[in-house]
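These numbers come from a predicted model, not from an experiment. Numbering of ligands and ligand atoms starts at 1, following listing order.
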Amino acid sequence: MSDSLDSLREETLVRIDSSRNEAEIEQLRIEALGRKGRLTLLLRGLKDLPADERPRVGEQLNQLRQLLEARIEDRLELVKARDKEKALREETIDITLPGNRWERGRIHPLTAVIDEIVDIFWGMGFEIARGPDIEDDYHNFEALNIPKDHPARDMQDTFFVTDGRLLRTHTSPVQIRTMENRQPPLQVVVPGAVYRHDDDATHSPMFHQVEGFMVDGDIAFSDLKGVLTHFLKQVFSEKAGVRFRPSFFPFTEPSAEIDIQCVICSGYRRNAQEQHCRVCKGSGWLEIIGAGMIDPQVFRFVGYDPERVSGFAFGMGVERIAMLKYSIDDIRLFFQNDLRFLRQFG
Ligand code: FA5
């Protein structure tokens, strides 16, 4: 027993001292001290020794176990320290390398234009309201004086959801929602997304409008004209060509549409390739706002007395305004998320 103890001690100590990595040390530990290790087997064999020898040999075996455990631990620390030092030596950091660039996001041109529009109206004392994108027939049509089967429903090809619900075709339902809950005086703008079954260079199935309305005891068409003229001069320029044209909306009377002179072809109606300008389709003008005096019938729907209140309302197409501001000749560019396009806007 004493011989095998000596040879186990010598052999294991030599192997510990010459081990080079953590895996080798672990292997050694298993071979000597593991469940089937050599020392473990010797400890198990104690019971076969004569009773008077057991305490002495037991003592020797325990001392050897403590010795081997301590040496294994020391060697492990040494090997780890060496590995770390080697890794640090090899992993030199080149502090002259350029850093990783942080890509800064930009505000989407449509968001920037909506903010600018709302800001101009904020400056004239308008407050901001919002309404749901998924509307009911009553607020989107009925209360705006567009009964079922009215031909005006065809003007706004509608996406229906279920149970009489639809994607709002304009922001005008927020006029109704606001007036249902509040009393005049009201001076409100409503930015938001709207949806129509429409798709070409100047029409998108989802686009944005900013609705605006002013209701009080004595609002006249001249107020509408004054507010919109001031707005257009701010958002475009003093020199921008603007025209008010008679039109029809079931919820306003009288009604107008407001056009801006086409900046893509400068009103010359043809582009450089001598083709009809695809933004104004050769007319020289682009329609951007629908407007008018709120129809008395709409006031009745929300419980206002049309003899006591009057008001104007308007709804403008945000994409069309952005197209004219930035000379963009296809509305679809706003929604394709092409970074080459978006990066042009600071
Ligand atoms: C309306 O939507 C009315 N609710 C506007 C209104 C409000 C009139 C209050 C009176 C009082 P219209 O369908 O014309 O009107 O749309 C208003 C503007 O939205 C248009 O002048 C145009 O600039 C823009 N627009 C209309 N359809 C599209 C489309 N498919 N894609 C992009 N812009 C559009």
Cationic N near anionic O, under 4.0 Å, [X] to [Y]:
| X | Y | answer |
| --- | --- | --- |
| Asp338 | Arg340 | yes |
| Arg196 | Asp157 | no |
| Glu127 | Arg182 | yes |
| Lys148 | Asp137 | yes |
| Lys325 | Glu116 | yes |

Any nitrogen or oxygen of [X], main chain or side chain, under 3.5 Å from a nitrogen or oxygen of ligand 1?
| X | answer |
| --- | --- |
| Ser172 | yes |
| Thr169 | no |
| Thr252 | no |
| Gln209 | yes |
| Gln175 | no |
| Ile288 | yes |

Which atoms from ligand 1 have a heavy atom of [X] less than 4.0 Å away?
| X | result |
| --- | --- |
| Gly315 | 5 (C), 6 (C), 7 (C), 9 (C), 17 (C) |
| Gly317 | 18 (C), 19 (O), 23 (O), 24 (C) |
| Gly290 | 5 (C), 6 (C), 7 (C), 8 (C), 10 (C) |
| Glu257 | 14 (O) |
| Glu211 | 7 (C), 9 (C) |

> Can Ile294 be said to touch ligand 1, with heavy atoms closer than 4.0 Å?
Replying inline: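 Contact absent.
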> Contact between Phe213 and ligand 1, counting heavy atoms under 4.0 Å?
Replying inline: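 Contact check Phe213 vs ligand 1: negative.
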>> To the closest 0.5 Å, what do you measure between CD1 (Ile260) and CE (Met323)?
In response: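 Here the interatomic distance stands at 14.0 Å.
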Can you give the donor-acceptor pairs under 3.5 Å from side chains of residues 76-85 to other protein atoms, not counting sequence neighbours?
none

>> Going by the closest heavy atom to atom 34 (C) of ligand 1, which one wins out of Tyr195, Phe334, Phe207?
In response: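 Closest candidate by heavy-atom distance is Phe207.
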> Should the pair Phe159 and His197 be assigned to parallel (<30°), tilted (30 to 60°) or perpendicular (>60°) ring geometry?
Replying inline: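 Tilted, since the angle between the ring planes falls between 30° and 60°.
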> Who pairs with Phe236 by ring-ring contact (aromatic ring centres under 6.0 Å, His included), at least two apart in sequence or on another chain?
Replying inline: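 By the ring-ring contact (aromatic ring centres under 6.0 Å, His included) rule, Phe236 matches no residue at all.
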